[in-house]
Amino acid sequence: MNLKQLLDDRVAVAMTAAGVADAKAIVKQAQKSEFGHYQANGIMGAAKRQKSNPRELAGKVLKQLGDDMDLQLEVAGPGFINITLSPDFLAGALKKLQHSHRLGIEEAEEKVVVVDYSAPNLAKEMHIGHLRSTTIGDTAVRILEFLGHAVVRANHVGDWGAQFGSLLAYMDQLASQGEELSSELKDLEKFYQSASALFRSDEAFAIKARSFVVRLQGGDERCLALWEEFITESKRHCQAVYDQLNITLTANDIRAESAYNDELPVLVNELEEKQLLVESEGAKCVFLDGFKGKDDKPLPAIIQKSDGGYPYMATDLAAVRYRAGTLKAHEVLYFVGTQQQLHLRQVFAVAAAAGYIGGHQRFRHLPFGWVLKADNTPFKTRDGADVKLVDVLNEAVDRAHRLVNEKNPDLSLEEKKNIAKVVGIGAIKYAELSKNRTTDYIFDWDTMLSFEGNTAPYLQYAYTRIQSIFRRENILATEIKGKFHLTDPAELRLAVKLLQFSETINAVIEDYQANILCNYLFELAGIFMSFYEACPVLKASEPHRTSRLLLCHLTASTLQKGLDLLGIETIEQM
RNA sequence: GCCCUGGUAGCUCAGUUGGAUAGAGCAUCCGCCUCCUAAGCGGAGGGUCACAGGUUCGACUCCUGUUCAGGGCGCCA
């Protein structure tokens, strides 16, 4: 059930019947409640095209729509049609929703969708900047799976390249000094910083570090063993963060850069055979039209460097080849920062030229900006003094714990701990997901860890209020029998909003903008809060009591499902 | 120099193929707990939608120019 689509279709049919060619109804949710529930904006444009009076045309369309018991229609302003749904219609539609088990969201035709997200660099610990890709990508995954698609999570972690030279050399040095590596690696961030400091200050160490890169790439056993140990530990760090953050990624979803190592020479051969490769300044490059660098010179995609090494262009191409060819993806989504835009455009273009991407296969970059420090500079581990993701998560849980102590001191420690976890983590994820910005934003503890207003705790709180109603009289929400009976304006507003979950999900997946879902849930919760104040539930007389219980139950289900799609949990009380 | 983003209330941000009087949250101010959880509800103030033109019945939205900010532009990822 998609109200917007339903109305759009009906108005479009009426417009055609009224003599409009190529009728577009352009039905949208009404901007103000006085305009009804929906408004059709397409009449004015149509009138303009056929050079007629818009209000007259709107009148004709209205006549075609006929006397509908369900819809109250009126021509307004310069030629809008305002649509108000009747209480009976809303009650009937809610009844269907209640029994759909999918809250009105239909299953889509299954497609294979690869979602490339999170992708931390294993040389360092995850920091606050990884939150965007990780949370937004995971939401996309959850929604796509809910819609019935076959989703392949692709965690393209960085586990190869020059930066591992100093890490391995440092490990080697510590080991030869008899240090216990496993304890040294507990704080990856410190380890990375110590290694890079040494690299900068100690020339002998730097030489050794560079030699370790060569040895690693040459398959030297000692190096590989150290590398394995480091990578294993780093993956453990990542997984701990994912688990705490309630992210669905697991070890099985990692397909690291190094996984493509063996395919890189093959890739070069294939591009050579297709006569795409050109040697330029010793490097093997692909030049394509439409890519210009400084001074209007053609911009190469460097596939193999002059020293024989492979830049990330090669690995990313190999990944495209794998995803399109082996995984047979219909759609591949890259949740990667905006600074990679040109790079990814090049990757996709070269892959298309090489025939790796079929005509029906769609590769999309969903970009976002930096997370900045208060001084407007990006978080960079090299500089030290940045915010580790684990620290942010722990701080969030701590703050939430203090708050729940204050608000609900009688709960058991166990309950308080769980609430603190769910609320704290939820707040962080929501703070990230509720933004649409492709531009940068400045990280601020208090904004990100706010528990008031448009935040996850607000939504979770609305949910607990509903559960509290059921708990008070031991009502089993799933067993409530009866009909929706809508009279109060607050009930009607809530009904309409509940029915708009499906069209919201449709809007979200167009560009995978989680903030649209956040916004919907915030409005739903807000409307529920008003309803809660205005309409007593347990003390109401029948048939209102049953109807309100049903509304509460449907609201709780929608909030819970919506939050679940955002990767945010609910609790029974807080 | 060229290309891509973006500039909306004091702050953080919405604004759905161009629609009606530009909306939230935070902060500020004023009300509301003998009543299902006040992490809440109701209300108030707060705007030259960066600037200037243009397109049209109508522009925060589309076009052009200016300006400011961020990112990118051959062997880091």
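Bear in mind the structure is a predicted one, so any value in this text is a computation, not a measurement. Residue numbers begin at 1 in each chain, while the letters A, B, ... track the order of the sequences.
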Atom-pair distance (CG on A:Asp444; C1' on B:G25), nearest Å = 14 Å
Closest-nucleotide ordering on RNA chain B, the 5'-leading residue of A:Asn519 and A:Gly77 | A:Asn519
Between A:Tyr310 and A:Ala400, whichever has its closest RNA chain B nucleotide further toward 5' is A:Ala400
Expressed in angstrom and rounded to an integer, what is the separation of A:Gln346 atom CD from B:A77 atom P?
-> 14 Å
Can you tell me if the side-chain N/O atoms of A:Tyr38 get under 4.0 Å from OP1 or OP2 in B:U16?
-> no
Separation of atom CD1 in A:Ile469 from atom P in B:U37, rounded to whole Å = 7 Å
Of the candidate nucleotides B:C13, B:G15, B:C36, which contains the atom at the shortest distance from the side chain of A:Asn436?
-> B:G15
For B:A50, the nucleotide meeting Watson-Crick or G-U wobble distances (both under 3.5 Å) is B:U66
When all nucleic acid strands are considered with a 4.0 Å heavy-atom cut-off, which category describes A:Thr315: base, sugar-phosphate, or nothing?
-> nothing
Using the benzene-type ring in the case of Trp, are the ring centres of A:Tyr441 and A:Phe368 under 6.0 Å apart?
-> no
Electrostatic pair A:Asp511:A:Arg364 at N-O distance under 4.0 angstrom | yes
Under 4.0 angstrom, heavy atoms only, what part of the nucleic acid is A:Cys518 near: base, sugar-phosphate, or nothing?
-> nothing
Side chains of A:Tyr463 and A:Gln573: is there a donor and an acceptor less than 3.5 Å apart?
-> no
Assign A:Pro300 to base, sugar-phosphate, or nothing according to its heavy-atom contacts below 4.0 angstrom with the strands shown.
-> base
Flag the pair A:Lys284 and A:Glu279 as a salt bridge only when some basic side-chain nitrogen lies within less than 4.0 angstrom of an acidic carboxylate oxygen.
-> no
Across the strands shown, which category fits A:Asp8 at heavy-atom distances under 4.0 angstrom: base, sugar-phosphate, nothing?
-> nothing
C1' gap between B:G15 and B:U8, integer Å | 9 Å
Any side-chain N or O of A:Thr447 under 4.0 Å from OP1/OP2 of B:C11?
-> no
Heavy atoms under 4.0 Å, any strand shown: does A:Leu403 hit a base, just sugar-phosphate, or nothing?
-> base
B:A20 base / A:Asn82 side chain donor-acceptor hit below 3.5 Å | yes
Mind checking who B:A77 pairs with, Watson-Crick or G-U wobble, both distances under 3.5 Å?
-> none
Which part of the nucleic acid, if any, lies within contact of A:Ala462, taking any heavy atom under 4.0 Å across all strands shown: a base, the sugar-phosphate backbone alone, or nothing?
-> nothing
In Watson-Crick or G-U wobble terms, both distances under 3.5 Å, what is the partner of B:C2?
-> B:G72
Of all the nucleotides listed (B:C73, B:A24, B:C36), which has the minimum atom distance to the side chain of A:Leu342?
-> B:C73
Report yes if at least one side-chain N or O of A:Lys407 is closer than 4.0 Å to OP1 or OP2 of B:A39; otherwise report no.
-> yes
Separation of A:Gln573 atom CD from B:G40 atom P, in whole Å?
-> 18 Å
Between B:A20, B:G6, B:U56, which nucleotide has the shortest distance from any of its atoms to the side chain of A:Thr439?
-> B:G6
Determine the Euclidean distance between corresponding C1' atoms of B:U64 and B:A24; express it in Å to zero decimal places.
-> 33 Å
Within the structure shown, what part of the strands sits under 4.0 Å from A:Asn121 by heavy-atom distance: base, sugar-phosphate, or nothing?
-> nothing
Rounded to whole Å, the CZ-P distance (A:Arg210 to B:C76) equals 12 Å
NZ/NE/NH1/NH2 to OD/OE distance under 4.0 Å, A:Arg399 and A:Asp446 | yes
B:C57 versus B:G18 - spacing of their C1' atoms, nearest Å | 12 Å
Separation between the C1' atoms of B:G46 and B:C26, rounded to whole Å | 13 Å
Classify the nucleic acid contact of A:Lys32 as base, sugar-phosphate or nothing, counting any heavy atom under 4.0 Å across all strands shown.
-> sugar-phosphate
Answer with base, sugar-phosphate or nothing: what part of the nucleic acid does A:Phe35 contact at a heavy-atom distance below 4.0 Å?
-> base
Distance, P atom - from B:G23 to B:G31, rounded to whole angstrom | 27 Å
Taking OP1 and OP2 of B:A14, is either one under 4.0 Å from a side-chain nitrogen or oxygen of A:Arg437?
-> yes
Contact class for A:Leu538 vs. all strands (heavy atom < 4.0 Å): base, sugar-phosphate, or nothing?
-> base
C1' atom, B:G25 versus B:A39: distance in rounded Å?
-> 14 Å
Spacing between A:Leu549 atom CG and B:C36 atom P, to the nearest angstrom = 15 Å
Under 4.0 angstrom between A:Arg345 side-chain N/O and B:G72 OP1 or OP2 | no
Partner nucleotide, any strand, of B:U28 [Watson-Crick/G-U, under 3.5 Å] | B:A44
Whole-Å distance between B:A39 P and A:Leu411 CG?
-> 13 Å
So, is A:Arg471 close to the B:U37 phosphate, meaning a side-chain N or O under 4.0 Å from OP1 or OP2?
-> no
Looking for any heavy atom pair under 4.0 Å, which part of the strands does A:Gln39 touch: base, sugar-phosphate only, or nothing?
-> base
Is A:Glu503 salt-bridged to A:Lys497, going by a charged N under 4.0 Å from an acidic O?
-> no
Spacing of the C1' atoms in B:A59 and B:G53 (rounded, Å) = 13 Å
A:Lys305 side chain N/O closer than 4.0 Å to the phosphate oxygens (OP1, OP2) of B:C76?
-> yes
When the ring planes of A:Phe443 and A:Trp445 are compared, do they come out parallel, tilted or perpendicular, using 30° and 60° as the limits?
-> perpendicular
Would a line drawn from the ring center of A:Tyr458 to the ring center of A:Phe522 be shorter than 6.0 Å?
-> yes
Going by the angle between their ring planes, with limits at 30° and 60°, are A:His156 and A:Tyr260 parallel, tilted or perpendicular?
-> tilted
How far does the P atom of B:A14 sit from the matching atom of B:A52, given to the nearest Å?
-> 24 Å
Separation of atom NZ in A:Lys294 from atom C1' in B:G71, rounded to whole Å | 13 Å
So, do A:Phe80 and B:A20 meet the stacking rule of ring centres under 5.5 Å and planes under 30°?
-> yes
Determine the interplanar angle of the A:Phe164 and A:Phe230 rings, folded into 0 to 90°, and report it as parallel if under 30°, tilted if 30 to 60°, perpendicular if over 60°.
-> perpendicular
Quick one: which of B:A38, B:C41, B:C75 gets closest to the side chain of A:Ile302?
-> B:C75
Which part of the nucleic acid does A:Ser468 contact within heavy-atom distance under 4.0 Å: base, sugar-phosphate only, or nothing?
-> base
What nucleic acid atoms does A:Tyr441 come within less than 4.0 Å of, heavy atoms only: base, sugar-phosphate, or nothing?
-> sugar-phosphate
Does the side chain of A:Gln341 get closer than 4.0 angstrom to OP1 or OP2 of B:G72 through an N or O atom?
-> no
Has A:Lys28 got a side-chain N or O lying under 4.0 Å from the OP1 or OP2 atom of B:U17?
-> yes
Side-chain donor or acceptor of A:Tyr312 under 3.5 Å from a matching atom on the base of B:A77?
-> yes
Which part of the nucleic acid, if any, lies within contact of A:Ala283, taking any heavy atom under 4.0 Å across all strands shown: a base, the sugar-phosphate backbone alone, or nothing?
-> base
With both distances under 3.5 angstrom, what nucleotide forms a Watson-Crick or G-U wobble pair with B:C13?
-> B:G23
Pairing partner of B:A39 (Watson-Crick or G-U wobble, both distances under 3.5 Å) = none
